[in-house]
Amino acid sequence: MSQRSTDRLSIARAAYQDVPLYDPKRSPVEIDLTDNTNLWGIPPRAEQVLRESLASVITRYPSLYAGELKSALAQYAGVSADMIVTGCGSDDVLDSAMRAFAAPGEHVVSSLPSFAMVPIFARMNDLEWTGVTETPDHAINVEAMLAEPSKVLYVCTPNNPTGAVTPLRTLRELASRCAGVLVIDEAYIEFGGEAATELVHEFDRVLLVRTMSKAFGLAGLRVGYAIGQPALVLEVEKSRGPYKVNALAERVATAALTHDMAWVQEHVALAIELRERLSAELRARGLNPIPSGGNFVCAAVPHCVAVGQAMRARGVAVRPFPDLPHIGDALRFSVGPWPLLERCLTAFDEARAEVGAP
Ligand SMILES: *Cc1c(COP(=O)(O)O)cnc(C)c1O
């Protein structure tokens with residue numbers, strides 16, 4: 001007899017008992033500035049390859065470990081192909097890395113606030129997660145992070161959601177003193193901060209995790225990767241398993257890396273310029289946006305949830321972060337073409353007036 005129930009299935013693994021299905025309840029909206037994807041669209045060669053791909057690409061299995069894509073990524077990152085592991089989005093790479101290095105019950109440490117998926121993946125892998133509150137000026141708290149036991153120490157730079165950049169010397173300090181694997185999430189590295197590539201040559205326990213979802217405009221294809229010494233990425237690859245990058249994704253992502261770099265660089269430069277322009281507009285409204293190295297801007301905004309809802313009613317979605325440590329209520333605005341940001345600022349002004357926010 002089949003039975004639909006929201007009760008937990010008694011046969012399910014104990015570690016999943018209190019794990020809710022990840023569902024941020026996103027609804028369609030005219031202008032979506034919530035997820036920091038590339039609002040200028042897909043690069044031209046990538047689009048052409050997508051359109052011209054034949055059904056035969058889909059009827060066969062993809063390559064086991066995306067060898068062609070790895071070569072293109074290696075070229076882009078300036079490392080050898082045996083230092084790359086790919087995945088179904090960098091989410092998959094992060095999840096696989098946790099499983100590769102931390103056994104159930106071992107610890108993952110990250111800064112707070114940071115990428116919301118980290119505690120979720122820790123939990124899904126039956127790991128203990130500790131968040132260490134950042135300093136009031138949005139720097140990671142190095143000594144407090146190192147004081148926590150960790151098998152995996154996660155740092156995101158530029159950090160999501162604040163945009164704050166962690167200097168290379170701080171990352172080197174963490175790498176030389178942490179007991180486990182230092183995972184550096186460089187999802188936004190094209191937009192600011194220094195790539196930590198030299199650290200993967202200096203340390204055999206540093207993994208740089210990156211994505212093609214942001215600067216490259218390919219979020220829907222789900223292509224992420226990590227850079228580390230060959231023995232380190234091999235462990236991630238084993239825990240990831242074969243066939244995780246689909247055949248179409250591998251083709252399109254490889255095309256973007258080999259033919260679309262001018263487009264990517266041009267739109268990264270534009271995003272940086274407009275990020276500063278948006279920050280200036282927010283300052284002109286009496287706000288204090290955090291200096292950002294990403295393609296987004298985060299600022300303290302009282303009653304952020306109500307303001308966000310009132311903006312959504314006007315067709316513009318931004319991401320509210322209620323009650324962040326040292327910041328309080330905040331909104332994170334993704335950067336895109338200026339006409340969208342103008343609409344966003346108008347909606348923001350009206351929303352604040354409606355909510356009566358100071
Ligand atoms: C967007 C984002 C990612 C990218 O995830 P994908 O699975 O590659 O789309 C990873 N880390 C951070 C901090 C992000 O904001």
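One-based numbering, in listed order, for ligands and for the atoms of each. If you read the sequence from its start, that first residue is 1, and numbering goes on from there.
The cationic atom of Arg277 (NZ for Lys, CZ for Arg) lies less than 6.0 Å from the six-membered ring centre of Trp338 and within 45° of the ring axis.
One distance of note links CD of Glu52 with CZ of Arg251; it measures 9.0 Å at 0.5 Å rounding. Rounding to the nearest 0.5 Å places NZ of Lys244 at 10.0 Å from OG1 of Thr86.
Side chain of Glu106 to main chain of Ala103: a donor-acceptor pair is present (N/O by atom type, distance under 3.5 Å, no hydrogens or angles).
With respect to the salt-bridge test (charged N to carboxylate O, under 4.0 angstrom), the residues Lys238 and Glu235 qualify.
Each of Gly89, Ser90, Asp91, Phe115, Tyr154, Cys156, Asn160, Asp185, Ala187, Tyr188, Thr211, Ser213, Lys214, Arg222 has a non-hydrogen atom positioned under 4.0 Å from some atom of ligand 1.
Hydrophobic cluster membership of Tyr243, counting Ile, Leu, Val, Met, Phe, Trp and Tyr whose side-chain heavy atoms lie under 4.5 Å apart directly or via other members: Tyr61, Leu64, Tyr65.
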